[in-house]
Structures are given as structure tokens and as C-alpha cells.
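Down below is the structure, laid out as C-alpha cells.
Below, chain A is the first sequence line, B the second, and so on; all start at residue 1.
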Number of protein chains: 2
Amino acid sequence: MAVKKNLTIYDIAQEAGVSPATVSRVLTGSARVSKAKKERIEALIKRYDFKPNALARGLSETKSNIIGMIVADIRNPFYATVFLECEKVASRYGYTLMVCNTLGEPELEDIYLEKMYEQRVDAIINVGGRVDDLVSNIDFVDHVNRIANVIPVIITGKLDGSDCYRVNIDQMQAMEIVMEYIISLGHKDIALIGGRDNVQSTVDKRSRYKQLLKRYGINVRNEFIVEGKRYDDESGYECMQKLFALEKLPTAIIAINDFTAVGAMRALTERGISVPEDVSIVSFDNTFIAEVTSPKLTSVSYSYENFGEKIVHAALGAIRGEEVPRIQLIQSELVIRGSCAKLNIEE
Amino acid sequence: MAVKKNLTIYDIAQEAGVSPATVSRVLTGSARVSKAKKERIEALIKRYDFKPNALARGLSETKSNIIGMIVADIRNPFYATVFLECEKVASRYGYTLMVCNTLGEPELEDIYLEKMYEQRVDAIINVGGRVDDLVSNIDFVDHVNRIANVIPVIITGKLDGSDCYRVNIDQMQAMEIVMEYIISLGHKDIALIGGRDNVQSTVDKRSRYKQLLKRYGINVRNEFIVEGKRYDDESGYECMQKLFALEKLPTAIIAINDFTAVGAMRALTERGISVPEDVSIVSFDNTFIAEVTSPKLTSVSYSYENFGEKIVHAALGAIRGEEVPRIQLIQSELVIRGSCAKLNIEE
DNA sequence: CTTTCTCAAGAAATCGGTTTCAAGCATATT
DNA sequence: AATATGCTTGAAACCGATTTCTTGAGAAAG
């Protein structure tokens, strides 16, 4: 019953009394095979639970049916969700994903890029390596381009001068819906905490934040823009300490992501400041983190499904040699939960 | 500068004026090559940034250097962390991981198992598919065994009757340190919330929980053992509703995992019951979720590093045909944060 | 009844590596 | 000087599929 030996199409062919080529034809459906032989072969395939060796097939077709994915840290629910959505789409088309975590280390990212090329993956999706880094050096762009020359590379960042396909979140639009919501609640003292200067998405958000304040006739106060060291809850906590040092606290806080918001909330709770009664807080990414705080977090949601869909379709299109748009933007919407409130009139 | 064509060892060989065999020898280091030729070949490899085709190599060596990993849902930080740790170890040995999410769907798990076999992965790590399911049917065990006959399969569950290598968390010991801690704080009314009847790890925890209560001369109260529908925060929230229905609330709550604990905490906060002053709460897994609650959660930590290490080493050992222990247990330790307090004497 | 067309199916080349086998050359041994 | 020993190296087989090319049988056409 149990099959020990690794069967090949030669074994199947022999037992069916046909040539390996005929077995291959049945397997791929690439050409007609007489009904009798086809049935005989299919029966054997089923009986022995035969699966063609993907390495051999890949070598022959110069195609691995694997898509490589590089993320910063899969423990971060943002990346995990993007990955999951990509997997859903990819597997629908017969592709499997190979994942690597850079953990923010540039050397690892280089190594994994090489490894994926070596594995002859059919496409590489780079989410959150250095693809959104404003100071990423030319060497990296060169490296990526050398690979993008041979294998389609899809990135979710900017990476000036690269030959990659881009699927980006429209940070401007995302910030817009946040600001409009907060301002509609009557807030004027609005802080923007977290995020780093050299990250494109953060820079984009800050820039729109300032623009929108101006549009609504609100003064931009630089002390309300607090940079965070990382994108975790500790950073959020630290950012809040800087705000506490000011003589007057903002009435609303926009956090660069859910983690930062969580850290900020903890800092507030510790001081006995309650959310949303005293301070409103809103964030980006809408990961499940936003569900587990109390109150639950109002957060901007990118349609992850759509994100994964666009990314993988770009990859598949490029693999097939079709014309694929070089840049695609993902729109967001606000998921309103319990962390924001109308500003009290007492100011 | 940029290399468009896919180079092969034949190209390198030709340009170096040697045979492909010699290039291969340099590549694998499998045999001595004269210094002059070796240097010439290496120079060319570097110049053209040549990387041997892993598919061809894999076909020839009947070895893909890929390890397949099946998880339930990578968004769950428990799986994400296990995956990350496995990746760290695997990549140290030249392996890459291919990940698939079953999302709790048995059919997907079967499909992915097949796919991995087809890809000729060198080993399969199954974390949290049906491997810990007590009612998993015989078909599944058969399926796994058919594959385990050819490719080493490492599971983190029990799966009676399977030929897999097992690396398990010692649930008994984990529960022990939790109970000892809680009891040392003076608690006697201790609830155990969340988890499902058909999951081995949950059953193990419950069984030890009862044993330990008895050992400490505390009555087992069945209404304090609350089953959860899933392993998420909603389930934790729901479990708490059942406890609220009792006439007397327990003074300590053990949650089956961090998510469940978070849901429970939200339920408590809503009722104005404060943690840890009124109720202590402790959980399992020590994911980063435990860091983002206020107060931060006291949680049992499996050494994920050790876990990944043991899993991957089992895989590598089995691949090499070495003798590998069929079962290995992972010990836990308690990470004490702010969610538990000494029982007030007023009871 | 012969010629042409169609189509199933086998032989063999190919994908790009690794490895066995044997040859060839230089050095060591007696 | 003759034989034994040790290395480097190339030729060729092999891993397991796909695919092109070719053959041959049977059907259609004349």
C-alpha cells in the first residue's frame, strides 16, 4: 500500500506499456492521448498516488512555480496579513510562496535575494525590506535591478531608480480620511506620533498631515510631530513621554501604526488619562491589534485582500510577459471603533 | 554589466577553457581542482555573478534544500514566532522555508501536503494543522504516514499512530508552573478558560490543572473550567460571560492563550473589575500580545528559540538519516508581568 | 486500389547541474 | 630505467520531467 520508492514517469510508463512521453502528455494535457491509454495511465497515477517531480518539471520548463516573498518580520501582523492574502491568490494559480524575514538587516536581505534567484523563483515580492527606505544606498538598487532584469520583482515601497513593479498604499489618501474624521470630531490639537524620517510611507503621511492642517486653517505645531525609534509599542510609549513634557497635551493623537497606538494608550492609562474621553487616538494598518485593546482602536484599513490580489496579479502578469502597470495604488477606509470621541466643548 | 542571459556552468566552463565537471567541482568543493583553474573559474563566477540553478542541482542530488512548513494561520503570533525561529536555524544550514496556511481547513492541509511532496521538499514541519486534533480521522493519519514514509515529517502535536517525529511543548510542566505561581499568591478559586475539547494540548492542560488542584487540596469546580469556541479574543470574552453568570467570580483566571486572556481582560474592564487588584489573570504562549495589554500579561513562555532549534534539528537529522528521537519535549518558564497579584486577605 | 492526410505515440534531445569512471601526466620507489 | 602511486581532469551517464521530431497506422480522397 505504502509507496516507498520515488516513482517516476518511467515507472508509470513501463507498467502501462507506453513511453514516458505519453505519460507526460497525460500529466500536462498538452496533447491528445488515446482514450484507452489515457485511462490506463490515469489509473496507475491514482493507484500509486504518483506526483511528478517538481524539480525536474521546473528544470525542463525553466519555471519553478514558486514565488519568493521577503518581509521584514512575519510576526508583525501587517506583514503576516499581506503574506496570507498573497498566498491565497498565488495558490489559486498553482504557486507556492517561499518566505524570508530580513529582520531589518540589510545583509540578510541581500542574501535572501540571492537565494531566491538561485532557487529560480518565478517572481520576487519584496514587502518592507529596504524598499521603502529613503536612504537606501545605490548598491541595493543595483542589486535589485540586476535581479529584476531576469525575474519580475514587485515591491510595496518606492525605491527610486529601480526597475520593479510597485504596489503601494496610497498614504496620502489614508492620512486624508484620518484627518477628516478627527477634524470632524472638532479636534484642532492633533499630534502625529511614531515613524521614522527615512521611511517613505512615514514621510508621505507627515507631508499630507501638514497640508491638511493648513487646508483646515489649523496651525502646524512641530512639537506635535514626534518621531519614533521603531514601529513598536515601546516607541509609542516613548513618544507619549515627549508629549507629556509639553505644557498642553493634544486632544487627538494619530499613531503611525497600531503598535505605536497601543504603546501610547498604555502611557495614557498609566497617567490616568482616559481614552477616548480625554484624548482620542487613531492609527493605521487595522491589524488585529486594533481589536484587542480596550477601548478597541479606530484604525485605517487597507483592503488586504485587494493588496494581496494586486501584488500577486502583478507578479503573475509579469511572469507571463504581459503588460503590467508599473505603479498601482491601494485605497484605504476608516474602521471606526471606540478610541475616538467628539471634542468636549469645554476645550 | 547587467547579465540578461541565464548562465550555466557550461558557459563558465567554456570561457574558462575547462570542462563543466571541473566547474561543478569548484562549485561544490567536492574534489580538488588545480589552483590555476580554480582561480580562473572563481573569477568568472564572481564576474558574472553566476549562481547555479537550484532546480538542476536539486534534481541531480535528489534534494531541494527546501523545508516545507504548514501552519494554521501565520497571523497568529505563536505560529509566526515558531516559523521565524525555524527559519533562523534552517537558513544557517542552507535551507529555505516554504510556508502554507491551512486556516483550519482540512482540505487545504491535504492539498498543501501534496504540494510539498510534489516540490520534493526535504522535510515537512507541520505546526498546528490537524496534528493536535484528537478526533482527526484515520484518513489524515494515513495521508501523513504515506508522506512520512518518504519525507521526514516533524509535527508539534500528538497524532496517534503516525510515523512522524514529534517536538512538543510539555503542557503538563507548563501548567504546573502556572498553578504553582497562582497558588503561591494565595488563590484558591482558580478558573481555566478557553480551549477546545478535541485539542490535545488543551486536554493535557486541563488534566494537569485538575491534578494540581487536588494535590493542593483544592476542590475541582467544573463550572470554573470553561470551554472556548476558538483561540481568539472573542472566545475569551465569551468565556468570561459564563463566569459572570456564576454567583461568585474566581479570584484568578488561567487563560489558554494570550488572545483568550486579552478578551477576558476586556470583559473584566467593561464590568469595572480591575486586573490584577480584583482578579489575577495569567496565560500561555507569551506572544507579544502579552506586552501590549495594560497591565502587561504574565504569561508562560516556551523558549521559542529552543523550540525552533529542536524542530529544525530533528528535520535536518532525519534528512541526513541520523537517529533522531521520536519525541522531544520543550520546557517552559513563567514570565511575570503585571497581571497577577497576591490574594486580598478579606477574600 | 493507390495516394494523401491526420493523428497517436515512441525515440531522442533538452533543461543544468553532479558524479562515476577512466585516462593521462607527474612524481615517488626500487 | 622501469614500475608503482597519486592527482587532476574530461567524457559520459544520470537525476526526472517536457517537447520536438519522426514514424507508422488508419481514414479520407481520388
For a quick test of your reading: what N or O donor-acceptor pairs under 3.5 Å do the side chains of residues 55-72 of chain B make, sequence neighbours left out?
residue	atom	partner	partner atom	Å
B/K63	NZ	B/N65	OD1	3.0
B/K63	NZ	B/Y95	OH	2.5
B/S64	OG	B/I66	N	3.2
B/S64	OG	B/R120	O	2.8

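- Between the C1' atom of D/dC15 and the CG atom of B/D122 lies a distance of 14 Å, rounded to the nearest Å.
- Legend: salt bridge (charged side-chain N to carboxylate O under 4.0 Å, His left out) pairs involving residues 72-82 of chain A, not counting sequence neighbours, sorted by first then second residue: A/D73-A/R75.
- In this model, the phosphate group of C/dG16 is not approached by any side-chain N or O of B/T8 to a distance below 4.0 Å at OP1 or OP2.
- A straight line from NZ of B/K38 to C1' of D/dC7 spans 15 Å, rounded to a whole angstrom.
- When all heavy atoms are compared, the tightest approach of B/A123 to B/A315 is CB-CB, 4.0 Å.
- A side-chain hydrogen bond (donor to acceptor under 3.5 Å, both in side chains) check over residues 17-33 of chain B, counting only residues at least two apart or in different chains, returns the pairs B/S19-B/T22, B/T28-B/S30.
- For B/H313 and B/Y165, the ring centers are positioned 6.0 Å apart or more.
- At a cut-off of 3.5 angstrom, the base of C/dG17 holds at least one donor-acceptor pair with the side chain of B/S60.
- Nearest to the side-chain atoms of B/S30 among the listed nucleotides C/dT19, C/dT18, C/dG17 stands C/dT19.
- In this structure, B/N53 places its CG atom 17 Å from P of C/dT14, rounding to the nearest Å.
- Contacts classified as salt bridge (charged side-chain N to carboxylate O under 4.0 Å, His left out) and involving residues 152-162 of chain B (residues at least two apart or in different chains) are given here: B/K158-B/D160.
- Legend: salt bridge (charged side-chain N to carboxylate O under 4.0 Å, His left out) pairs involving residues 85-97 of chain B, not counting sequence neighbours, sorted by first then second residue: B/E85-B/K88, B/R92-B/E309.
- Distance, B/I9 CD1 to D/dA11 P: 13 Å, rounded to whole Å.
- The list of ring-ring contact (aromatic ring centres under 6.0 Å, His included) pairs with a residue in residues 52-83 of chain B, not counting sequence neighbours, reads B/F78-B/Y304.
- As a whole-Å value, the separation of B/L27 CG from C/dG16 C1' is 11 Å.
- Remark: C1' of D/dC15 and CG of A/L7 are 15 Å apart, rounded to the nearest angstrom.
- Rounded to whole angstrom, the span from the NZ atom of A/K63 across to the C1' atom of C/dG16 amounts to 18 Å.
- Inter-axis angle, ends of the helix from C/dC1-D/dG30 to C/dT30-D/dA1, five pairs per end, rounded to 10 degrees: 50°.
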Nucleic acid footprint by protein, nucleotides 7-13 of chain C - heavy-atom cut-off 4.0 Å, B for base, S for sugar-phosphate alone: -SBBB--
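- Between A/T28 and B/E61, it is B/E61 whose nearest contact on DNA chain D lies nearer the 5' terminus.
- When the P atom of C/dG17 is taken as reference, atom CD of A/Q119 falls 13 Å away, rounded to whole Å.
- Listed by chain and number, the residues in a salt bridge (charged side-chain N to carboxylate O under 4.0 Å, His left out) with B/E305 amount to none (sequence neighbours excluded).
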